[in-house]
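Shown next, in structure tokens, is the structure this report addresses.
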Amino acid sequence: MSNEAHEKAEISRRDFLGLASLGAAVISSLTVLTGVLRMFKPNVRYEESTKFKIGKAEDFPEGTVKKLDERGLFIFSKDDGLYAISAVCTHLGCIVNQTDWGFQCPCHGSRYNEHGKVIAGPAPRNLDWHEISKTVDGILEVDTAKSVPAGTKFKLYA
Amino acid sequence: MKGTIKKSFFILLLIFLISQQKGNVFGADAKKSASGGNDNLGKKIYEERCQLCHGSKGDGKGLVGVMKRSEKSGRILEIKPRDFTLGAFRFRSTPTGCLPTEEDLVLLVDKGIPRSFMPPHKDQLTKEEKKAVVEHIKTFATRWKEEEPCKYIPVKKPRWIGSKKSVEKGKKLYKEMKCWECHGETGRGDGPKADLQKDDWGHKILAFDFTTGATKMGSDPENVYTAYTTGLDGTGMPSYEDSMKDEDRWHLVSYTLKLMGRVK
Amino acid sequence: MRNRFFSWILFLSGVVLLIFTLIAAYREMTPEWKKYQAQYKEQIIKTAKDNAVRQKAGALASEVQQIYLGALNKIDRCVSCHIGVENPMMDNAKLPLKQHSGDYLKNHPPDKFGCTVCHYGQGRATNKKEAHGIGHDTHWDFPVMPLKYIQSSCTQCHDYEMLGAKGYDTIAKGAKLFTEKGCRGCHKLNGIGGALGKKLDIVGSQPIAYFPMRFVEGERNTYNWHKQHFADPRVLVPESQMKISVKPEETDLLATYVLSLRSGEMPKDYRKIKGIMTVGKPDEGEALYKMFCIACHTDGKQSYFDEIFNRTIPAIVNKAFLKTADDKYIKKTVEEGRAGTQMTSWKTAAGGLAEGEINKLISYITKERPSAKPERFNIAGFKPDEKRGEELYKVRCALCHGKKGEGELGINLRNPVTQAADPEFLALTVRDGRTETPMPAFGKKGIGLTEKDIADVVSYVKTLSKKK
Amino acid sequence: MSELKQSGIDSFKHNIKSAFKSFASSFLRSGKPTSDRSRAAAVFNNFFLHVQGVKTHINTLRPAYTLGLGLISFFLLIITIISGVLLMVYYSPSIEHAYNSVKDINFVVFAGRLIRNMHKWAGEGMIIFVLLHMARVFYTSSYKNGRQFNWVIGLALLILTFGINLSGYMLPWDQLSYWALVIVANIIQSPKELTDSLGITGFFDIGGFSKELFLGGLTAGKESLTRVYLLHIMLLPIFLFIFLGVHFWRIRKDGGLTKPDVFEPKAIDAALIALPEKKGGIFPANKTYGLMELAHGKTPVVDRDVENTVLSWPNLLIAEAALFVLCLAGVIVYSFFIDAPLKELANPMIPENPAKAPWYFLGLQELLSYSAFMGGVGLPGLALLGLGLIPYLDREEQHLGIWFSNKQGKRVAIESLIASALVIIGLLAFVINFGWFRSWWPNVPQLLITLINPGNIWVGFMILWSVYVIKKTGSTRMGAIALFTMFLISYLIYTYVGTELRGPNWDFFWSRSEWPIH
């Protein structure tokens with residue numbers, strides 16, 4: 001190997017060592033950082049689960065509307081079945097009130113018709129519909145984490 | 001300025017909605033072919049539709065038993081089908097003591113009186129069938145043969161109906177003419193003499209409760225005016241045609257509309 | 001040093017600062033309750049009989065008095081102003097020093113119960129306005145309760161029978177009224193009752209924002225709301241379907257009862273309750289009828305068209321009805337209710353009535369059943385022609401029962417119970433009608449409905465629920 | 001030997017006697033500030049005071065120039081920090097106790113209510129004065145020649161002030177706190193509105209991730225209060241102080257406050273300053289190159305003659321002391337009369353109606369009521385970016401230190417004020433009366449509303465107008481004045497509309513008396 005090539009190789013070897021150590025330091029600190037950041041996401045959530053039981057079919061006689069206040073959910077019971085519309089405004093999360101023409105959000109003026117479709121105001125999406133299903137022991141259940149297309153109804157006597 | 005735009009939009013919308021509202025609540029669309037002479041057509045329809053309540057002899061004693069209606073305030077009204085034999089009709093456009101005109105009766109058959117369970121027949125019967133039935137009804141009372149119905153009273157609604165001033169005047173008249181004796185201070189039909197009232201057929205009747213928001217004849221100012229002018233013959237409601245000036249009656253109508261909550 | 005401008009500013013603002021700091025300190029030193037405690041001390045010294053009491057009063061330190069209630073996790077500082085509440089010498093003093101009325105404090109010592117557990121109000125506050133919580137700007141949901149409703153707090157530990165016996169009649173009468181006005185026909189309490197109205201389990205603890213306060217007169221709090229709501233529900237809630245007729249003084253009794261339905265359990269050693277805390281379920285038919293059915297069916301004898309429900313409420317104790325309807329059909333109606341109308345289903349799963357109770361209820365309803373059996377119709381003998389049935393239905397029945405049988409003056413025919421009813425029963429009803437109600441007897445001579453017609457109409461009525 | 005011993009005792013006795021005096025002199029290193037030399041040394045050698053120059057330019061002392069806004073903000077910060085620490089003694093950051101602990105502060109802690117009021121009003125006062133300070137720095141074009149980065153640091157301080165105030169009113173856990181937390185969490189999640197319409201939420205859900213990071217879960221609860229508490233008392237204040245330190249340091253390094261190039265002291269200045277000793281002062285009349293003057297970088301002293309500066313010791317410090325006491329007095333008087341709001345306990349079932357943020361966020365809430373992403377993240381981000389870029393887009397050097405630079409500046413400012421008022425009020429009237437896309441075509445895609453809404457239109461107009469001004473006047477400074485004036489005016493008008501003209505359900509009402517009771 002010629003002298004210069006040799007020197008170049010040597011220099012690069014010394015540089016290589018510098019670079020390697022620097023790289024190791026950076027990578028290790030990054031992993032520590034991500035470990036620390038991961039700490040911010042709790043493994044268990046200190047809150048009620050999004051899937052909950054709402055009661056028996058008989059609790060929702062035909063033609064009535066029930067607002068489950070503590071869950072922010074409206075349960076409608078019509079002759080062709082039961083369906084659940086979320087009361088959480090899709091704009092910024094306030095709980096909407098029911099009016100004769102549909103729903104009205106008190107915080108920023110968003111309005112929805114009685115099927116939860118946005119008709120005025122800043123709300124970006126329609127109100128979520130959630131699926132009502134029957135558990136094995138015959139109690140009705142809703143999962144607010146999963147939203148279903150508007151119009152899905154739970155047929156009482158299918 | 002802002003409020004007016006919003007209001008004009010709303011009113012436009014309302015008118016559009018109302019004009020869509022056709023259709024009817026009662027009745028079936030039986031396709032009846034006109035058969036036989038006019039009279040026995042009227043008789044046939046009367047037997048099929050009216051005899052149930054008004055009775056075969058038109059004396060109001062049909063097969064339908066006791067009909068009751070509970071108002072929002074909790075008062076229970078007992079509704080009796082009209083007895084034609086006496087020839088006294090409440091809802092007319094002719095002066096008090098007169099027989100109603102042909103149009104009055106046809107209009108009644110047509111619109112019906114929803115709050116008294118008299119069903120409307122707007123689409124169920126054709127024009128001639130209504131006329132035929134009305135003819136048949138006339139046969140029940142002898143009065144129709146002796147007298148002729150008088151001319152109807154023209155009704156022209158003044159512009160200021162329902163204005164604040166007119167309501168104030170109406171309120172004063174309501175006191176002076178002692179309407180409160182039957183209809184009560186607040187127009188709920190709870191006046192001191194309310195429960196002594198009897199109609200010409202001897203049944204106990206209740207003074208009208210304006211706060212229910214709808215009169216039996218219809219709640220437009222014209223209908224209320226006609227009721228005050230012609231009086232409801234056969235009941236305690238007198239006609240004020242002779243005792244009040246025309247303009248005062250309209251003020252009374254304004255106050256009534258306020259009681260019914262139809263005017264701010 | 002001629003730097004005058006800034007020196008002046010420094011001087012002046014320094015003076016202002018000093019003044020306001022002193023005023024603030026003074027205001028801090030002289031709270032409201034100090035005035036009352038001084039009056040209290042002075043009054044004791046004046047009226048004290050012997051010297052010992054006078055010395056003790058003299059040594060009374062003037063500071064915030066509070067009752068720390070660990071079990072109820074509350075802190076009540078009402079006694080900072082109401083300092084003489086336990087002191088017999090204060091029985092004729094003027095408020096706030098007056099001694100507590102009656103002998104309540106004997107068996108409810110303040111150091112165990114505090115004050116807000118019964119009187120509500122903001123226990124932590126140390127000034128009158130915020131302690132009483134009166135006025136919208138105090139932002140407090142439970143202002144001090146008017147004394148006429150105070151007995152609503154007793155039922156947190158005692159039950160209604162004991163209270164009635166001991167002479168606390170406001171709450172006892174309120175509870176009795178609740179059982180007799182048929183409230184549970186629409187409201188569920190402890191899982192039993194209809195589902196039209198709101199659940200009443202914790203209505204007494206709901207915050208002010210829960211009630212629409214738009215039309216309330218006077219102070220906007222839950223007490224006024226309940227009283228004015230009982231007086232006329234539709235004044236406060238225009239679209240309410242509540243069917244109640246109550247005399248003025250009864251509104252206070254019912255308001256007291258409703259305010260007694262609270263959330264939260266008192267700790268076990270506070271409670272002296274034999275039975276369950278709420279009104280027990282009576283066992284004879286009549287009381288059951290009064291608790292659940294009377295609000296809409298009144299005495300059951302008269303059927304009337306109701307303008308609130310916009311539908312006819314059938315007479316269930318009507319002789320003609322009892323003659324034709326057998327117990328099985330009535331039981332099925334009570335259990336399943338009438339879907340699409342305000343008639344709720346009362347079986348245990350829904351309304352919460354047990355089998356035995358429904359039987360008792362039906363035996364009460366059918367007490368006055370006439371012995372004569374109606375003449376048989378034997379509908380099986382006819383071959384039903386639905387087409388003609390529909391024809392007849394349109395002319396004769398649609399007037400009252402509605403084109404699709406949804407019912408207005410006539411009752412609703414579409415619901416599953418009527419659809420599944422025995423055709424014989426339907427035919428009898430059409431033929432004999434219901435005396436005392438608007439339903440005419442179509443089978444009578446002279447009106448022209450032959451038995452065959454009736455069979456056809458009945459067959460058509462059975463298909464109504466399929467018509468959209 | 002004994003002399004040694006004797007003198008040992010004597011000197012010991014002597015030291016005891018003069019112990020206090022020696023302590024005092026060790027404390028006051030430069031002795032009493034009697035002469036110019038000792039006054040200069042008093043400032044120069046004191047740890048706290050040496051943040052300021054030994055000498056101060058007369059223009060800086062003129063109230064009309066700086067209005068003392070930066071200082072007032074700093075003093076309000078001090079008051080807030082002190083009262084905040086006092087509150088921390090009693091406040092307990094858990095859902096069950098937070099509300100009751102604040103109630104106890106109000107009711108039983110000595111002067112608790114007053115201190116809580118002071119903490120609240122000083123905090124809010126900071127927002128007002130930071131905004132005014134920014135305006136003053138802008139209008140006297142003090143963000144130029146070297147001070148550009150200091151302006152950016154100023155912006156960071158503005159954001160931190162808003163952040164601390166926001167996290168502050170979430171702590172009492174009353175209705176305002178709970179629903180503010182819910183709304184802010186959803187604002188943080190609002191990029192989801194954009195990623196949803198672009199359909200990339202599946203693999204890049206920045207909104208969802210940051211919401212969960214902020215809330216510590218899906219709903220506002222125990223975790224969220226603890227995280228907000230951490231933000232309010234530790235994280236944000238630390239950042240604030242770091243930036244503040246750099247901010248103060250750079251003021252000195254970039255050559256003190258800006259001054260107009262041509263400056264003559266007027267008569268009234270005499271009232272502001274105590275003139276230096278004529279003769280024998282350490283600062284001779286003509287220019288010298290002594291260590292005192294030779295500070296690194298462009299200091300006023302080197303290439304300017306000395307007569308327009310005065311010693312800091314009596315003059316600047318008295319001014320600062322006066323200002324501090326004035327602030328303290330103002331805060332105490334305001335807190336004495338007006339109580340900090342404390343609403344009902346948080347109730348997750350029923351939001352307040354109207355659910356109004358404090359006044360300084362109501363302008364933002366108006367924009368929010370058009371679109372969550374744009375009103376919450378998009379437009380504020382754009383505004384801050386725009387503000388940050390101003391010093392780098394407008395580099396004209398002339399007219400420093402003069403309000404509005406010159407007559408043309410004043411005219412442009414007034415024109416922009418009128419134009420912006422008209423456009424905003426016009427836009428608002430249109431939206432209030434006829435609504436927006438959603439009320440005309442219910443099925444309009446959300447992306448369209450996010451991109452075209454009254455907020456965006458207004459910002460678009462602002463940019464176009466300032467570009468037009470640059471073209472017309474040919475100077476970037478004028479364009480900057482137009483843009484900044486419109487930013488201030490829109491902030492003012494939207495805040496007024498949000499406070500006075502918006503009622504329940506965020507509907508329009510002419511006056512508060514028209515609000516329907518619900």
Side-chain angles (χ1 to χ4, degrees), chain A residues 36-52 67-74 86-99 101-113 115-126 128 143-145 147 150, chain D residues 179 181-187 189-190 192-194 196-197 209 212-213 215-223 227 347-356 365-376 435-436 438-440 442-444 446-447 449-450 453 502 504-508 518:
Chain A
V36 165
L37 277 182
R38 174 63 186 74
M39 173 210 143
F40 276 92
K41 187 178 191 308
N43 290 340
V44 68
R45 288 210 185 91
Y46 297 97
E47 50 203 37
E48 286 150 334
S49 96
T50 56
K51 191 195 278 282
F52 51 87
K67 181 175 184 186
L68 305 183
D69 284 322
E70 57 296 340
R71 295 288 186 177
L73 195 67
F74 287 101
S86 154
V88 177
C89 176
T90 56
H91 174 233
L92 283 172
C94 290
I95 303 285
V96 297
N97 301 319
Q98 194 178 19
T99 60
W101 40 264
F103 302 101
Q104 161 81 65
C105 174
C107 294
H108 303 99
S110 312
R111 291 173 174 223
Y112 308 85
N113 68 12
H115 297 301
K117 207 168 99 48
V118 186
I119 48 175
R125 285 178 287 100
N126 302 336
D128 293 338
D143 184 357
T144 48
S147 63
Chain D
W179 290 105
L181 192 62
V182 166
I183 286 176
V184 164
N186 283 290
I187 291 179
Q189 194 192 28
S190 65
K192 202 165 188 307
E193 173 188 318
L194 205 63
D196 275 354
S197 11
F209 170 75
E212 205 162 327
L213 180 64
L215 279 186
L218 291 182
T219 56
K222 179 170 83 64
E223 287 304 304
R227 290 184 181 212
N347 180 345
M349 290 186 259
I350 304 169
E352 286 182 295
N353 194 355
K356 281 200 170 187
Q365 191 162 346
E366 179 66 27
L367 295 182
L368 273 184
S369 75
Y370 305 136
S371 141
F373 175 69
M374 270 307 160
W436 198 245
R438 182 73 72 193
S439 0
W440 312 327
N443 305 339
V444 70
Q446 175 57 27
L447 192 60
I449 292 188
T450 312
N453 63 49
R502 284 291 187 187
N505 300 334
W506 207 251
D507 281 344
F508 179 83
H518 53 276

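Residue numbers start from 1 in every chain, and the chains themselves are labelled A, B, ... in the order their sequence lines are given, proteins ahead of strands. For the numbers below, each heavy atom of this structure counts, side chains included, while hydrogens, waters and symmetry mates do not.
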Could you tell me if the side chain of A:Asn113 sits less than 4.5 Å from the side chain of A:Val118, heavy atoms only? no
As an exercise: rank A:Gly72, A:Ser110, A:Cys105 by heavy-atom pairs under 4.5 Å with chain D and give me the winner. A:Cys105
Against chain D, label A:Ala145 side chain, backbone, both or neither, depending on which of its atoms sit under 4.5 Å from a heavy atom there. neither
Interface moiety of D:Ser371 toward chain A, non-hydrogen atoms closer than 4.5 Å: backbone
After noting the C-alpha distance and the side-chain angles of A:Cys107 and A:Cys94, does the key distance pass the disulfide bond (SG atoms under 2.5 Å apart) rule? CA-CA 6 Å; A:Cys107 294; A:Cys94 290; 2.0 Å; yes
Where does D:Gln365 contact chain A at under 4.5 Å (heavy atoms): side chain, backbone, both or neither? both
For D:Leu218, is it the side chain, the backbone, both or neither that has a heavy atom under 4.5 Å from a heavy atom of chain A? both
What part of D:Asn347 gets closer than 4.5 Å to chain A, counting heavy atoms only: side chain, backbone, both or neither? neither
As an exercise: rank D:Glu366, D:Arg227, D:Glu193 by heavy-atom pairs under 4.5 Å with chain A and give me the winner. D:Arg227
If one checks every heavy atom of D:Ile449 against chain A at 4.5 Å, the contacting part turns out to be neither
With only heavy atoms counted, which part of D:Arg502 is less than 4.5 Å from chain A, the side chain, the backbone, both or neither? neither
So for A:Arg111, is it side chain, backbone, both, or neither that comes closer than 4.5 Å to the heavy atoms of chain D? side chain
With a 4.5 Å limit on heavy-atom distance, are the side chains of A:Leu92 and A:His108 in contact? yes
Relative to chain A, which segment of D:Trp179 carries a heavy atom at a distance below 4.5 Å: side chain, backbone, both, or neither? side chain
